[in-house]
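Computed from a predicted model, the values in this text were never measured in an experiment. Every heavy atom of this structure was used, including side-chain atoms; hydrogens, water molecules and symmetry mates were not. Below, chain A is the first sequence line, B the second, and so on; all start at residue 1.
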Amino acid sequence: MPELPEVETIVRGLRPRLEGRTLSRVIVRRPDLRIPFPENFSRRLEGRTVTRLDRRAKYIVARLSGGTALIVHLGMSGQWVIHDGRPAEPPGPHDHVEFTLDDGTTLVYRDVRRFGLMTLALQADLAEHPLLRDLGPEPLGNAFNGPSLSAALRGRRTPIKAALLDQHTVAGLGNIYVCEALFRAGISPRRAAASVAGRRAERLAPAIKGILNEAIEAGGSTLRDYVQASGELGYFQHRFAVYGREGESCAGCDCGGAIQRIVQSGRSTFFCSRRQR
DNA sequence: ACGAGAACCTGTTTGC
DNA sequence: TGCAAACAGGTTCTCG
C-alpha cells in the first residue's frame, strides 16, 4: 500500500504518541506476517521505552531503551489504528499485533494481505541489517540528486520504470510516485534506464523530490485502505496527473494525448506517450 | 549478473 | 444474477 509519503505521514502521526512512551503490553495474534515474528517478540519489547521513531525508505524504525530496534514494513495493506484505551473485543480478523502504552492508549497493527513484516534488531547493527543495508539513497536527502541518480542508472538496460521501483536505485518510491515523477520529468517509462543517465536524470531527480514533497504535504494518497495513524485520509490522490487515469486526456499541457495504461514487469504503468519520450 | 514473471494473501471490482 | 478473472500502493525468489 504505502509509499514513502504515506509512511512518512504515518511516522509523523505516530511519533508524538510513541516517543517517550513505554510499551506495557504487546500481544501477537499469529506466528508470522510476511516473515515469522522473532523469538520472544513480545517479551523483548514489553517494558521498553520508545526513544525515537524514524522512517528509512518504506520502513518504520523504532529505537527502544536497552539497545533494541523494532523494524516495521507495512507491505501493501498494513495500517496502524490508534485507540484511546482498550480496543473493542473481539479483535478484527486482520488485527495481528496490539501494543498497549503506559498512557493507556493502544496501537493496533492491521494488515489484510499480510505482506508487511515486523522484526527486531540491535540499534548498533541497523546500518548493516539485511533489510536496510542495500537500500539506495533517501530521495529527499542531499545524497540524491541528478549526478547520483545518473550514476545509479548508467549501464542498466531495464526500463526506467523498473529501475525506479528497485529500492537499490533510490529508496521509497512505489508504483504511483514512479508514474507521476516520470510524467513530470517528461520521460517515457519504457526508455532504457541507461539512456536516462545524464541530462534526463538532471530533470528526473528534482521531479521525484517535488512529487514526494507535495504528497507529504497533502498527507499522502488514500486509494483503498490507507489512512494516517490518526485515521485521517490523505488527499494527494486528487492531484495525480496519470496514475489511475487511463483514457483521460493528458492534463496540464496541450499535447492532446490520452493517458495510456501498459503493464511493465507485472505492474500497471500510466503515462502520456506524447509528452513522455 | 540481470531482467521478467511468479509467488506470497485477501478483498473488491470487472467482465462474460 | 453469478461466477471467474483481473486487479490492488510491495518485496523476494526462481528461472532463463
Side-chain angles (χ1 to χ4, degrees), chain A residues 1-11 29-36 55-60 71-80 92-96 109-119 129-136 139 152-182 189-195 208 211-212 215-216 218-229 233-247 261-270:
Chain A
M1 156 175 87
E3 305 182 34
L4 185 153
E6 290 74 36
V7 179
E8 179 64 25
T9 300
I10 287 165
V11 166
R29 298 211 166 82
R30 52 172 302 117
D32 55 28
L33 293 169
R34 199 179 85 213
I35 61 174
R55 178 191 59 73
R56 169 69 174 119
K58 300 171 194 170
Y59 291 91
I60 300 170
I71 303 173
V72 180
H73 194 292
L74 302 171
M76 292 278 259
S77 57
Q79 42 180 292
W80 286 102
H94 307 296
D95 293 346
H96 306 306
Y109 178 75
R110 178 178 296 168
D111 190 346
V112 172
R113 293 177 71 183
R114 272 185 272 132
F115 288 166
L117 68 83
M118 268 185 221
T119 195
H129 193 281
L131 290 172
L132 306 178
R133 70 179 171 212
D134 298 323
L135 292 169
L153 298 175
R154 200 156 285 135
R156 297 177 66 182
R157 310 174 62 123
T158 196
I160 185 63
K161 165 82 186 303
L164 293 178
L165 284 176
D166 179 349
Q167 302 294 297
H168 303 104
T169 309
V170 52
L173 295 178
N175 206 34
I176 291 179
Y177 297 108
V178 166
C179 290
E180 294 297 317
L182 286 171
R190 295 193 271 220
R191 175 177 281 284
S195 75
I208 289 169
I211 289 282
L212 295 178
I216 290 170
S221 304
T222 298
L223 265 54
R224 287 164 191 80
D225 45 15
Y226 162 75
V227 287
Q228 301 177 21
L233 306 180
Y235 51 89
F236 192 73
Q237 65 278 9
H238 304 301
R239 310 240 300 267
F240 292 164
V242 289
Y243 188 84
R245 296 191 177 280
E246 181 182 15
R261 174 185 174 274
I262 60 173
V263 175
Q264 292 179 287
S265 46
R267 319 217 35 204
S268 291
T269 298
F270 299 89

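- Salt-bridge check for A/R113 with A/D111: failed, with every basic side-chain N at 4.0 Å or more from each acidic carboxylate O.
- Judged by atom type and distance alone, A/R267 does not reach the base of C/dA8 through any side-chain donor-acceptor pair under 3.5 Å.
- Within 4.0 Å of A/P130, counting heavy atoms only, lies no atom of the nucleic acid at all.
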Begin from the C-alpha positions of A/F240 and A/R245 and carry the test side chain to side chain contact (heavy atoms under 4.5 Å, CB included) through to its verdict. CA-CA 8 Å; A/F240 292 164; A/R245 296 191 177 280; 4.2 Å; yes
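- For A/V112, the listed nucleotide lying nearest its side chain is B/dG11; candidates were B/dG11, C/dA8, B/dG3.
- Residue contacts shown for A/G174 are limited to sugar-phosphate atoms, with no base heavy atom under 4.0 Å away.
- Between A/H73 and A/Y59, the ring planes are perpendicular. Angles over 60° get that label, and only those under 30° would be called parallel.
- Atom CD1 in A/I160 sits roughly 13 Å away from atom P in B/dA4 (whole-Å rounding).
- As rounded to whole Å, 18 Å separates atom P of B/dA7 from atom CZ of A/R114.
- For A/R34, taking side-chain heavy atoms from C-beta onward, the closest of the listed nucleotides B/dT10, B/dA4, C/dT11 is C/dT11.
- Counting to the nearest Å, the C1' atom of C/dT11 and the CD atom of A/E3 are 13 Å from each other.
- Residue A/F115 contributes atom CZ, which lies 13 Å from atom P of C/dA8 at whole-angstrom precision.
- Rounded to an integer number of Å, the gap from A/L153 CG to B/dC2 C1' is 15 Å.
- Residue A/Q167 is classed as a sugar-phosphate contact, given heavy-atom separations below 4.0 Å to backbone atoms only.
- Closest contact between the side chain of A/K58 and the listed nucleotides C/dG10, C/dT12, B/dG3 involves C/dG10.
- Listed candidates were B/dT10, C/dG10, C/dA8. Nearest to the side chain of A/S268 is C/dA8.
- Between C/dT14 and B/dC9, the distance separating the two P atoms is 16 Å to the nearest Å.
- Using a 4.5 Å heavy-atom cutoff, the side chains of A/L4 and A/Y177 are not in contact.
- Rounding to the nearest 0.5 Å places CG of A/L173 at 12.0 Å from CD of A/E180.
- As judged by a 4.0 angstrom heavy-atom cut-off over every strand, A/L131 is placed among residues touching the sugar-phosphate backbone only.
- Between the side chain of A/R113 and the base of B/dC9, a donor-acceptor pair under 3.5 Å is found.
- Side-chain contact between A/L164 and A/I208: present, with at least one pair of heavy atoms (C-beta onward) separated by less than 4.5 Å.
- For B/dG11, one of the phosphate oxygens OP1 or OP2 lies less than 4.0 angstrom from a side-chain nitrogen or oxygen of A/H94.
- When the C1' atom is used for both B/dT10 and C/dT1, the distance is 24 Å, rounded to whole Å.
- Nucleotide B/dA4 holds its P atom 14 Å from the CZ atom of A/R190, rounded to whole Å.
- Atom-to-atom, CD of A/Q79 to C1' of C/dA8 comes out at 14 Å; the value is rounded to the nearest Å.
- For the pair A/R157 and B/dA1, the criterion of a side-chain N or O lying under 4.0 Å from OP1 or OP2 is not met.
- The CD1 atom of A/I262 sits 12 Å away from the P atom of B/dA4 (whole-angstrom rounding).
- Both distances falling under 3.5 Å, in either a Watson-Crick or a G-U wobble arrangement, occur for no nucleotide opposite B/dC9.
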